[in-house]
2 protein chains.
Amino acid sequence: MSEIQSAPPAAAIAEADVPWLSDDEQRAWRAYLRGSRALEVILDAELQAVGVSLAEYELLSMLSEAPCLTMRMSKLADQTVQSRSRVTHTATRLQRRGWVERHPAPDDGRGIQLHLTDDGLAAVRFAARVHATGVQEHLIRQMDPALFRSLGDAMDKVRTHLLGEQPANYNP
Amino acid sequence: MSEIQSAPPAAAIAEADVPWLSDDEQRAWRAYLRGSRALEVILDAELQAVGVSLAEYELLSMLSEAPCLTMRMSKLADQTVQSRSRVTHTATRLQRRGWVERHPAPDDGRGIQLHLTDDGLAAVRFAARVHATGVQEHLIRQMDPALFRSLGDAMDKVRTHLLGEQPANYNP
DNA sequence: CAACAATGGTTGATATTTCAATTATTCCCC
DNA sequence: GGGGAATAATTGAAATATCAACCATTGTTG
């Protein structure tokens, strides 16, 4: 984010051989940064109000959709774009609440399968309603469907670029 | 995020009186979640590599554009969508590095003006190049200009909804 | 002008995240 | 089959973020 635009220091202009952002790009990027931050803040707060953080919810939600309510730690980390370490810690906390269990992976001695318990399923079902409502209200309702589709397309390109080809709802 | 789609538990379907997400919405929302997370991760990592976190960079960058390189703590918090407490802590760390100074606000006895030092300005100028390059590479280059504009528009609507009317580059 | 609410900012305890090892297992390949 | 590289997950310490309580000042109201 260049400080050059609103207070151009003579020295800095000379070295403009790197792709600065144009005014329009700058504006769009700022809107993105602030909007996405605010969105995450409110969705997290709404979930916290019912006792789950957004990060926790994402894990639980992935699990709830997985076959047998079970998924490997590393896949969970990949799909939620969280570090392995973070998933480990979060899983430990969820386990303390009795929402998940750890089981050794049958096929790979190094692996752990995280399994959603009945209590966990109940919790995530409840949270899912809160979350879906929030997404509708704060994101989808704020624009017409075409624009929302564009948003999805745009972010899908970013996702693909950074994370590779798997589609948004890939499971195996 | 409803678990209903890929593993519909009979019980949950009955209580469908809340706005679940449609398949398309779900896909777009997932793309957004993962894409935005991945984007933040990489932009943060690129900045960390030159010694600044994204959160720190945002503060420094705002300061660098402000008149007299100076801004009130609370405005900084508002504009970066961070809590006041967080801004306080971050400012303290930046101060330890000699990048910002605190001065009492002339007009309001409660207020503090954060001022960017010369070292801070140098640091943010350097970081800005890294950041702008990352935004170009990972976001802008990944889509055609029209789509990027749509992205900006979409997030601007979200921002307005959640944060109010101020435009993305409002200063006073 | 006295009370009292609201604002601006800080503080410190607590919770979470990151980071750099560490362990165990599997994969590869000679 | 043995040795080393890669992968899966965990650990604990350090960095950072959140939360609630707090102090000082300002604004408001009667």
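Every chain is numbered from 1, with letters handed out A, B, ... down the list of sequences.
Rounded to whole Å, atom P of D/dA8 lies 11 Å from atom CG of A/Asp107. A/Lys75 places its NZ atom 17 Å from the C1' atom of D/dT7, with the value rounded to the nearest Å. The distance from atom NE2 of A/His103 to atom P of D/dA9 is 14 Å, rounded to the nearest whole Å. Between the P atom of C/dG8 and the CG atom of B/Leu76 lies a distance of 14 Å, rounded to the nearest Å. Atom-to-atom, CD of B/Gln95 to C1' of C/dT10 comes out at 12 Å; the value is rounded to the nearest Å. The CD atom of A/Glu58 sits 11 Å away from the P atom of C/dT17 (whole-angstrom rounding). Protein atom CG of A/Leu94 is 13 Å distant from nucleotide atom P of D/dT10, rounded to whole Å. Rounded to a whole Å, the CZ atom of A/Arg84 is 22 Å from the P atom of C/dT16.
No hydrogens or angles were tested; on distance alone, a donor-acceptor pair under 3.5 Å links the side chain of A/Ser85 to the base of C/dC19. You'll find a donor-acceptor pair under 3.5 Å spanning the side chain of A/His89 and the base of D/dG12, going by distance alone.
With the nearest nucleotide of DNA chain D identified for both A/Asp108 and A/Asp44, A/Asp108 has the one nearer the 5' end.
Base contact: A/Thr88 has a heavy atom under 4.0 Å from a base atom.
Residue A/Arg102 has no polar side-chain atom (N or O) positioned under 4.0 Å from OP1 or OP2 of D/dA9. For D/dA9, one of the phosphate oxygens OP1 or OP2 lies less than 4.0 angstrom from a side-chain nitrogen or oxygen of A/Arg72. A sub-4.0 Å separation between OP1 or OP2 of C/dT16 and a side-chain N or O of A/Arg93 is present. Phosphate proximity of D/dT26 to B/Arg110: absent, as no side-chain N or O sits under 4.0 Å from OP1 or OP2. When the side-chain nitrogen and oxygen atoms of A/Ser74 are compared with OP1 and OP2 of D/dA9, one or more of them lie within a distance under 4.0 Å.
Ring-centre distance between A/Trp29 and B/His131: below the 6.0 Å cut-off.
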Could you go through B/Leu147 and A/Lys157, starting from their C-alpha distance and side-chain angles, then the distance that decides it, and tell me whether this counts as side-chain contact (heavy atoms from CB on, under 4.5 Å)?
CA-CA 10 Å; B/Leu147 189 54; A/Lys157 289 188 197 296; 3.6 Å; yes
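Side chain of B/Arg86, nearest nucleotide from C/dT16, D/dT18, C/dG8: D/dT18.
Screening A/His103, A/Gln113, A/Glu101, A/His115 for a side-chain hydrogen bond (donor to acceptor under 3.5 Å, both in side chains) with A/Thr70, the sole residue that qualifies is A/His115.
Counting heavy atoms from C-beta on, the side chains of B/Arg84 and B/Met73 never come closer than 4.5 Å.
For CG of B/Asp107, the number of neighbouring non-hydrogen atoms (other residues, nucleotides, ligands) closer than 6.0 Å is greater than 12.
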